[in-house]
There are 2 protein chains.
Amino acid sequence: MLESDRPKGRGTEARQRKARPITRIQREKQDLILEAALDVFSLHGFRGATIDQIAEAAGMSKPNLLYYFPRKEDIHKRLMAGMLDIWLAPLRHMDSDGDPIPEIRSYIRRKLKMSRDFPRQSRLFANEMLQGAPRIIDMLEGELKTLVDEKAKVIGGWMDEGKLNRADPYHLIFAIWATTQHYADFDVQVRAVLGNDRSGEGRFEDAACFLEQLFMHGLKPQRG
Amino acid sequence: MLESDRPKGRGTEARQRKARPITRIQREKQDLILEAALDVFSLHGFRGATIDQIAEAAGMSKPNLLYYFPRKEDIHKRLMAGMLDIWLAPLRHMDSDGDPIPEIRSYIRRKLKMSRDFPRQSRLFANEMLQGAPRIIDMLEGELKTLVDEKAKVIGGWMDEGKLNRADPYHLIFAIWATTQHYADFDVQVRAVLGNDRSGEGRFEDAACFLEQLFMHGLKPQRG
DNA sequence: GTCTATATATTGATAGAC
DNA sequence: GTCTATCAATATATAGAC
């Protein structure tokens, strides 16, 4: 059995870091590593990424990097944790007391902006999903499900009041996730299809415009 | 420089296979390998997958597998090639002479059905995208772009005739891809959020229903 | 065609000098 | 804290017996 996430080499006990305050220079080095690791992990996934690559991207030697994060998994864990909060912020932000249409419109825009500004985080997340989310499945079934349940209830309430067309709130949320994250995760494909002439950053504004139209009115023209 | 796709070991020249007809037993073995490789590649990506894993899943020894596909890359290449045709079939199928609304509705259903029936192929493709599509970028900029350009023109024509609400055809196609493939690529997340009770195969029917509603009518209720 | 044994490179992680 | 050197495991691929 090839267990990808098992620490290799001889008995590796995570190096005990003393609980002393972290210096500025230490944090800067850590941030440098995390920044480089985000590049590499988001592109190759956990197993595809190598410490060599991360160290080179961070401009330091491999043992030096391992001085700050004793194990490869530690870096990945930190990146995931740091990202999940940011990632769910837009959904948390959706206000049950607000007007349904503007709330959903603004949720879509916020989510699309995250794909534009944090594409690597999106791909890191997508990589984890494709692999069956081994490292965050608990969070999906716990924290995430709770949040979505809550927001689905809010949306369902809006529909009951006739402020939105009736539709499954869960699949609505999936659709918003899918359409917005697509521009980060499938960026190569989007660029290839749009061609060089349309591959400027304008594609995000076009996407925002299209998605607003889609989610608000759909494709079928109204008679009259 | 760590070049992941470079063949390793000593001077490896692809073993010259004689151009003699392939026997039935050979094809069966190859299919067995491809089937196993699809499992492993779709889950771990190209670099994350190992020949050991594939060989074990196929129930044969590693050298035996390498007898049929001399290099790891050969297996992956075959899987990609075999998949791309299937993958684009639903879009090719969209008929410019048909009625716009039924054509699009049926395209969505067909694409969603592919996510249900071929989730591993979808994830294989997604993995390749996340990595910047190094092995199929030419196909994206060539064959795929040509096909999408053509179909975008068809959809644009329908809009000119007033048979569809005006919207960017390219982003419409992206939205259909994203929403349908989401159910294969982010399957873990979908299941986690819907919970055990709603994680039967019924979720695909729910999704089909929702997506039809979304793409046809959007969320905003019509007055009157 | 299939197997055992093995060559060679890569990789995660450690040792120990400075 | 940082580096060079290196270990042990893993991985791709080949050699050669049967």
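Quick caveat, the model's predicted, so the values are computed rather than measured. Sequence lines set the chain letters: A, B, ... in the order given, protein chains first and strands last, and positions in each chain run from 1.
Within 4.0 Å of B:Ala55, counting heavy atoms only, lies no atom of the nucleic acid at all.
Ring geometry for B:Trp87 against B:Phe125 counts as tilted: the plane angle lies between 30° and 60°, on a 0 to 90° scale. Using the six-membered ring where Trp is involved, A:Phe46 and A:Phe41 have ring planes that are parallel, under 30° apart on the 30 and 60° scheme. Between B:Phe186 and B:His182, the two ring planes are parallel [angle under 30°; tilted spans 30° to 60°].
Nucleotide D:dT4 holds its C1' atom 12 Å from the NZ atom of A:Lys62, rounded to whole Å. For the pair A:Asn64 CG and C:dA13 P, the computed distance is 16 Å after rounding to whole Å. B:Leu66 has its CG atom 15 Å from the C1' atom of C:dT8, to the nearest Å. If you take CG of B:Leu32 and P of C:dT2, they are 11 Å apart, rounded to a whole angstrom. D:dT12 atom P lies 12 Å from atom NE2 of B:His44, rounded to whole Å. Distance CZ (B:Phe69) to C1' (C:dG1): 15 Å, rounded to an integer number of Å. At whole-Å resolution of the value, CD1 in B:Ile25 and P in C:dG1 are 8 Å apart. As rounded to whole Å, 11 Å separates atom P of C:dG12 from atom CG of A:Leu65.
A side-chain donor-acceptor contact under 3.5 Å links A:Arg203 to the backbone of A:Ser199.
Taking the screw axis at each terminus of the helix from C:dG1-D:dC18 to C:dC18-D:dG1 from five consecutive base pairs, the angle between the two is 10° to within rounding of 10 degrees.
Results of the side chain to side chain contact (heavy atoms under 4.5 Å, CB included) test with A:His171 over B:Leu211, B:Asp206, B:Leu214 single out B:Asp206 as the only residue that passes.
The two residues A:Glu128 and A:His76 make their nearest non-hydrogen contact at OE1-CE1, 3.6 Å.
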